[in-house]
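Comments concern the structure below.
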Amino acid sequence: MSVARFPPYLANTDHRQRCLAQFRSKSVALEKYIYLDGLKGRDANLFYEMLLGNMSEIIPILYTPTVGEACVQYSHIWRRPQGLYVSIEDKGRIRDVLASWPNADKGRIAVVTDGSRILGLGDLGANGLPISIGKLDLYVAGAGIKPSSTIPICLDLGTNTQRYLDDPLYIGVRRLRPTVEEMDAFMDEFMQAMSDVFPKLLVQFEDFSTDNAFRYLDRYRYRYRVFNDDIQGTGSVILSGFINAARLSSGASGRPLSDHRILFFGAGSAGIGVAKQLLSFFTHLGMPLEEAKSRIYTVDTKGLITADRKGLQEHKKFFARTDYDGPRLTKLVDIIRHVKPTALLGLSTLKNAFTEDVVTAMSALNARPIIFPLSNPVDLSELEYADAIAWTHGNVIYASGSPYDPITHGDTRHEPGQGNNMYIFPGIGLGAILSRTRHISDGMIEQAAVALASSLDAEEQASDWSLSAGIALAVVRQAQKEGLDANRHLRMLTDEDLLGLIQDKMWQPRTTRRAVSAARL
Ligand SMILES: O=C([O-])CC(=O)C(=O)O
Ligand SMILES: [Mg+2]
């Protein structure tokens, strides 16, 4: 048997450079994902170092949009066990399954998906695990959470997607999803077991189908330390983007912040989550609830959502209009002409739904129309950046869910904003963990948005991750204000000292050179 020997001069060469070159040599995004996953398995420290040193290049691979493709293909690209699967067949012994996780007492943050609505890609079943892994990589990179404190979880409850049930390589249990009663019983046992096994844990729910996203957030949010990234994280980051966009567009029109009319195209967990976050913000500006509500319009596949529609899903009722009784409005451009929105937000997963006539209608109403096509991944975006710039002659105030490259129009270079919850959840999580808050309140979510909006302009936001510390500070202060913080020591600190403490606690990978030489010994 031969014994592996390191080449003698390995320690003198920079293995970081070698890995980066290997990564860059792959021309297909999914291959890059697979490469990074392998690197993480071989040398996690080097993986995080490479991620931190090359964020704008690597994030679109580990996270949206490529992570979407990794999920779709996960059963086929699977190489090694990662994260934790908790299966419907584990019912009755979930606590034992969770307790098998190494160093349970170190667990601080778990991202939990049931794979039922991964990004805009639908029910991917057990293939959803990479979304939890990708979100947690951003916690490590963006908020300095220690990798060993993170727990990616996929609840393997079956799938209603026939092509996976027929796929011989499918990784999950081969059954349809459970009934509501069965799922409730499973979730109750799971959440209780989570808080028993991981007493210091924050749970982030991710990419549950819309009904279940609202259902389990409502059910557990005051019982456990939990938040839903798609409802509250997206809500918070888009509120922040809206505050900045409204400032920019007011420069053009002189319109006060409270004078906007916002049209939501898409009424799923993200659409309604964002709408509620804006509503709450307007009321805190002093606007009466009914008036704030009247500024928000929602649209689904059947058109403008009105209260007289039969069989309206529960989560759509709150914003259903009671002040419209004309003929049903189904075409987006007609709805725009009726509503006269200042902002159009897309959370529909309908590719290219914002056609030229839609964008032109927004431009006819607003010198600087706010248009946010937020659906993920990029191939499901309602409006490509190049079209947005061309059709508005560069006047659009734009943010998309997934990243786009800058565009030059005439002699001006335009930078697209990105409205993705990745800018906020690491900071919310960090603040919640440090303050040991009992639960995550609406106030904490809102203060996170205000901190993000006030820290930098949209362009800088997209490239600066030190923002997480500022967001965490705002979250800790709000937890204190509401008396939710179990870590009372932080109350004594000035803002400056608290910010310093937060930054000191943030984990950094150690240098790779040491890892290589240690391996040689
Ligand atoms: O993961 C992302 O890019 C944003 C998100 O939560 C989603 O689209 O569900
Ligand atoms: Mg999500």
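We use all heavy atoms of the structure for the numbers below, so side chains are in, but hydrogens, waters and symmetry mates are not. Both ligands and their constituent atoms are indexed starting at 1 by order of listing.
- Remark: Asp188 engages Arg219 in a salt bridge, criterion side-chain N to carboxylate O under 4.0 Å.
- Note: His414 and Tyr398 fail the aromatic proximity criterion, with ring centroids not under 6.0 Å apart.
- Salt-bridge check for Lys316 with Asp300: passed, with a basic side-chain N closer than 4.0 Å to an acidic carboxylate O.
- Taking the six-membered ring for Trp, Phe354 and Phe265 have ring centres closer than 6.0 Å.
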Tabulation required: pairs of a nitrogen or oxygen in ligand 1 and a protein nitrogen or oxygen under 3.5 Å; columns are atom names and distance to 0.1 Å; otherwise 'none'.
{"from": "ligand 1", "atom 1": "1 (O)", "to": "Tyr63", "atom 2": "OH", "distance (Å)": "3.4"}
{"from": "ligand 1", "atom 1": "1 (O)", "to": "Thr64", "atom 2": "OG1", "distance (Å)": "3.4"}
{"from": "ligand 1", "atom 1": "1 (O)", "to": "Lys135", "atom 2": "NZ", "distance (Å)": "3.0"}
{"from": "ligand 1", "atom 1": "3 (O)", "to": "Tyr63", "atom 2": "OH", "distance (Å)": "3.4"}
{"from": "ligand 1", "atom 1": "3 (O)", "to": "Thr64", "atom 2": "OG1", "distance (Å)": "2.4"}
{"from": "ligand 1", "atom 1": "3 (O)", "to": "Asn376", "atom 2": "ND2", "distance (Å)": "3.4"}
{"from": "ligand 1", "atom 1": "3 (O)", "to": "Asn420", "atom 2": "ND2", "distance (Å)": "2.8"}
{"from": "ligand 1", "atom 1": "6 (O)", "to": "Lys135", "atom 2": "NZ", "distance (Å)": "3.1"}
{"from": "ligand 1", "atom 1": "6 (O)", "to": "Glu206", "atom 2": "OE2", "distance (Å)": "3.1"}
{"from": "ligand 1", "atom 1": "6 (O)", "to": "Asp230", "atom 2": "OD1", "distance (Å)": "3.0"}
{"from": "ligand 1", "atom 1": "6 (O)", "to": "Asn421", "atom 2": "ND2", "distance (Å)": "2.8"}
{"from": "ligand 1", "atom 1": "8 (O)", "to": "Asn376", "atom 2": "ND2", "distance (Å)": "2.9"}
{"from": "ligand 1", "atom 1": "9 (O)", "to": "Arg117", "atom 2": "NH2", "distance (Å)": "2.6"}
{"from": "ligand 1", "atom 1": "9 (O)", "to": "Asp207", "atom 2": "OD1", "distance (Å)": "2.9"}
{"from": "ligand 1", "atom 1": "9 (O)", "to": "Asp230", "atom 2": "OD1", "distance (Å)": "2.9"}

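- Annotation for Asp166: atom CG counts as buried by contact number, over 12 foreign heavy atoms lying within 6.0 Å.
- No more than 12 heavy-atom neighbours from other residues, nucleotides or ligands sit within 6.0 angstrom of NZ on Lys505.
- Atom NZ of Lys91 sits in a crowded spot, with more than 12 heavy atoms from other residues, nucleotides or ligands closer than 6.0 Å.
- Summarising the local packing, NZ of Lys317 is surrounded by more than 12 heavy atoms from other residues, nucleotides or ligands at distances under 6.0 Å.
- By the 4.0 Å N-to-carboxylate-O rule, Glu57 lies close enough to Arg24 to be salt-bridged with it.
- Protein N/O/S atoms closer to the Mg ion (ligand 2) than 2.8 Å number 3 in this structure.
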